[in-house]
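Everything quoted here is computed from the prediction, not taken from an experiment.
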Amino acid sequence: MSIPVFVFYELLIRLSELNPNVGDYFSHTLLEKEVILQTTTGLVKVPRNLLKKQFTDPRLIAESELSALITHFKAS
């Protein structure tokens with residue numbers, strides 16, 4: 001599945017509500033099962049299935065999934 005860039009922006013907006021230090025979208029690297037999102041302040045690895053949910057229906061992403069994702073944010 002090709003992932004539109006706006007999906008990354010939307011997800012980062014949601015993550016920035018949990019951690020304002022997450023930064024803005026800079027670039028991404030597509031891997032087999034995940035996408036590495038490089039932000040202006042670090043990086044976060046996002047499972048492709050979570051990005052698919054963000055694309056099709058963001059309401060399908062539980063708050064706990066976002067919380068778990070932001071705990072893996074690596075500041076640079």
Side-chain angles (χ1 to χ4, degrees):
M1 169 183 150
S2 178
I3 304 167
V5 175
F6 76 85
V7 174
F8 305 141
Y9 280 95
E10 289 176 348
L11 184 60
L12 288 172
I13 289 168
R14 295 179 72 185
L15 292 175
S16 69
E17 293 173 358
L18 300 173
N19 180 347
N21 298 322
V22 76
D24 297 318
Y25 174 82
F26 183 73
S27 67
H28 66 275
T29 303
L30 299 172
L31 302 175
E32 186 176 330
K33 294 188 181 200
E34 64 188 4
V35 175
I36 299 173
L37 294 181
Q38 180 72 42
T39 71
T40 54
T41 61
L43 63 87
V44 63
K45 294 179 181 180
V46 183
R48 282 183 174 249
N49 65 345
L50 195 129
L51 290 168
K52 186 175 180 182
K53 287 182 192 179
Q54 180 65 38
F55 179 71
T56 57
D57 188 353
R59 295 171 296 179
L60 296 175
I61 301 174
E63 192 70 28
S64 60
E65 290 178 285
L66 293 173
S67 295
L69 192 60
I70 200 62
T71 63
H72 294 87
F73 174 72
K74 296 192 183 357
S76 52

> Which pair of non-hydrogen atoms, one from G23 and one from T40, has the smallest distance, and what is that distance?
Replying inline: CA-OG1, 3.5 Å
> Any donor and acceptor pair, going by atom type alone, linking the side chain of E65 with main-chain N or O of A62 inside 3.5 Å?
Replying inline: yes
> Taking all atoms of both residues into account, what is the closest heavy-atom pair of V22 and L12, and its distance?
Replying inline: CG1-O, 3.9 Å
> Does one hydrophobic cluster hold both L37 and I13, with members joined at side-chain heavy-atom distances below 4.5 Å?
Replying inline: no
> Is it true that a side-chain atom of R48 and a backbone atom of L30 form a donor plus acceptor pair closer than 3.5 Å?
Replying inline: no
> To the nearest 0.5 Å, what is the distance between CG (L43) and NE2 (H28)?
Replying inline: 14.0 Å
>> Can you tell me if F6 has over 12 outside heavy atoms packed within less than 6.0 Å of its CZ?
In response: yes
> Can you check whether N21's main-chain N or O pairs, donor with acceptor, with T41's side chain at less than 3.5 Å?
Replying inline: yes
> Mind checking whether T71 and N19 have side chains closer than 4.5 Å, heavy atoms only?
Replying inline: no
> Looking at side-chain heavy atoms only, is the closest gap between I70 and F73 below 4.5 Å?
Replying inline: yes
>> Measuring from atom CG of D57 to atom NZ of K52, what distance do you get when rounded to the nearest 0.5 angstrom?
In response: 12.5 Å
>> In the structure I gave you, are the side-chain heavy atoms of L69 and I61 within less than 4.5 Å of one another anywhere?
In response: no
>> Are more than 12 heavy atoms, taken from residues, nucleotides or ligands other than K45, located less than 6.0 Å from that residue's NZ atom?
In response: no
> Can you check whether S64's main-chain N or O pairs, donor with acceptor, with S67's side chain at less than 3.5 Å?
Replying inline: no
>> Hydrophobic clusters here meaning ILVMFWY residues chained together by side-chain heavy-atom distances under 4.5 Å, can you tell me if F26 and L31 are in one?
In response: no
> Which distance, rounded to the nearest 0.5 Å, do you find between the CG of L11 and the CD1 of I3?
Replying inline: 10.5 Å
>> Parallel, tilted or perpendicular: which one describes the rings of F8 and Y25, with boundaries at 30° and 60°?
In response: parallel
> Any donor and acceptor pair, going by atom type alone, linking the side chain of S27 with main-chain N or O of Q38 inside 3.5 Å?
Replying inline: no
>> Donor-acceptor check, side chain of R14 to backbone of Q54, threshold 3.5 angstrom: yes or no?
In response: no
> Do L60 and L66 belong together in a cluster built from hydrophobic side chains that touch within less than 4.5 Å?
Replying inline: no
